[in-house]
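Naming: A, B, ... by sequence-line order, numbering from 1 per chain.
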Amino acid sequence: GAVVSQHPSWVICKSGTSVKIECRSLDFQATTMFWYRQFPKQSLMLMATSNEGSKATYEQGVEKDKFLINHASLTLSTLTVTSAHPEDSSFYICSAPRWPGVGRTEAFFGQGTRLTVV
Amino acid sequence: QKEVEQNSGPLSVPEGAIASLNCTYSDRGSQSFFWYRQYSGKSPELIMSIYSNGDKEDGRFTAQLNKASQYVSLLIRDSQPSDSATYLCAVNLWDNFNKFYFGSGTKLNVKP
């Protein structure tokens, strides 16, 4: 299957600092990538859709100035959590869709990044 | 509002039994359907994708889709303790954006 690589897998940072998370599609090009957040024992929450060469689309209630998304190439999207606070501690997961055939779509997930803000 | 509904469980089955997981979706425009498995602390892993009505089998897994009833299911035959995880149902819909919508997941416990 297609591989999506996410880095780092875990990070601990001090309150007020910024953290960058990278998401790469390793064997296919991804013009779109999705960023999710998941709190313990809860489902995935879509934060934003990253679009190569254009601005990201944020879901309602997600602060675009706090969660900066850059999709610089067809294989790389980054999420930067700016001025992180303890309530931003969560599991962040990226996903990239691929189109294996006409009318068919599949989405593959990165390994996830566990962010802890202290 | 596009919704994907799943019973949160937990669903408990004995080892060797068939586990049946169900999902309904609200948008009739949904075109692609998926089942993901997520172990605790890990990201989701794609198990099955299904695009047309009927059954699709892959090893011990069978996905079933009924678009008229807006219903998709996953059967796991010969359940193993290693199948214990949360199973997420997802649908893909082409509207203005290519988005995936996830259910809240069903937790499956397979007892040895």
Side-chain angles (χ1 to χ4, degrees), chain A residues 1-10 21 23 28 30-52 54-60 90-116, chain B residues 1-10 21 23 25 29-53 56 58-59 61 63 65 67 85-109:
Chain A
V3 179
V4 175
S5 178
Q6 188 174 341
H7 177 81
S9 56
W10 62 270
I21 302 170
C23 181
F28 66 103
T31 57
T32 300
M33 290 187 179
F34 304 107
W35 287 96
Y36 296 87
R37 181 166 55 183
Q38 188 176 38
F39 292 106
K41 298 188 179 183
Q42 295 188 22
S43 187
L44 300 170
M45 186 192 80
L46 179 65
M47 299 175 65
T49 302
S50 172
N51 304 298
E52 190 270 336
S54 64
K55 293 182 179 180
T57 305
Y58 290 82
E59 296 299 301
Q60 192 172 10
S90 188
F91 191 45
Y92 292 86
I93 316 172
C94 70
S95 170
R98 187 183 69 164
W99 290 267
V102 176
R104 300 189 170 194
T105 308
E106 295 175 330
F108 296 92
F109 286 87
Q111 301 94 322
T113 298
R114 186 159 303 283
L115 171 63
T116 303
Chain B
Q1 182 71 24
K2 302 167 179 64
E3 293 183 355
V4 179
E5 301 281 349
Q6 292 182 257
N7 188 318
S8 61
L21 304 165
C23 171
Y25 58 95
S30 300
Q31 297 164 301
S32 304
F33 307 86
F34 312 91
W35 283 99
Y36 289 85
R37 176 175 61 198
Q38 186 176 25
Y39 293 112
S40 181
K42 302 294 185 182
S43 67
E45 171 192 11
L46 180 64
I47 298 176
M48 294 279 286
S49 56
I50 185 167
Y51 305 98
S52 56
N53 282 326
K56 179 182 178 181
D58 184 0
F61 299 98
L65 174 62
K67 290 187 178 181
T86 296
Y87 289 80
L88 302 172
C89 173
V91 305
N92 174 247
L93 171 66
W94 276 95
D95 47 20
N96 290 329
F97 302 97
N98 179 17
K99 284 189 175 180
F100 290 78
Y101 298 90
F102 288 84
S104 57
T106 298
K107 186 172 177 57
L108 173 66
N109 291 327

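Closest non-hydrogen pair, A:Phe91 versus B:Gly41, comes out as CZ-O, 3.8 Å. A:Gly112 and B:Ser43 get closest at one heavy-atom pair: N-CB, 4.3 Å. When all heavy atoms of A:Ser43 and B:Gly103 are compared, the closest pair comes out as OG-O, 2.9 Å. Contact between A:Glu106 and B:Phe34 at its shortest, heavy atoms only, is CA-CE2, 3.9 Å.
For a residue to count as touching a neighbouring chain, one of its non-hydrogen atoms must lie under 4.5 Å from one of that chain's; by this rule B:Ser104 touches chain A with backbone and side chain alike. When heavy atoms are compared at a cutoff of 4.5 Å, A:Gln42 does not approach chain B at all. Of the atoms belonging to B:Glu45, not a single heavy atom falls under 4.5 Å from chain A.
Contact of the B:Pro44 side chain with the A:Ile93 side chain is registered, since non-hydrogen atoms from C-beta on lie closer than 4.5 Å.
Taking the six-membered ring for Trp and the full ring otherwise, A:Phe109 and B:Phe102 have centroids separated by under 6.0 Å.
Within 6.0 Å of NZ in B:Lys42 there are 12 or fewer heavy atoms belonging to other residues, nucleotides or ligands. Heavy-atom neighbours of B:Lys67 NZ from other residues, nucleotides or ligands within 6.0 Å: above the threshold of 12.
Checked by atom type and distance alone, the side chain of B:Tyr36 never pairs as donor or acceptor with a backbone atom of A:Phe108 at under 3.5 Å.
Atoms CG and CZ, from A:Leu46 and B:Phe100 in turn, are 11.0 Å apart once rounded to the nearest 0.5 Å. Between the OH atom in B:Tyr51 and the OG1 atom in A:Thr105 there is a gap of 6.5 Å [rounded to 0.5 Å].
Within the structure, the salt bridge (charged side-chain N to carboxylate O under 4.0 Å, His left out) test picks out no pair touching residues 36-52 of chain A (sequence neighbours left out).
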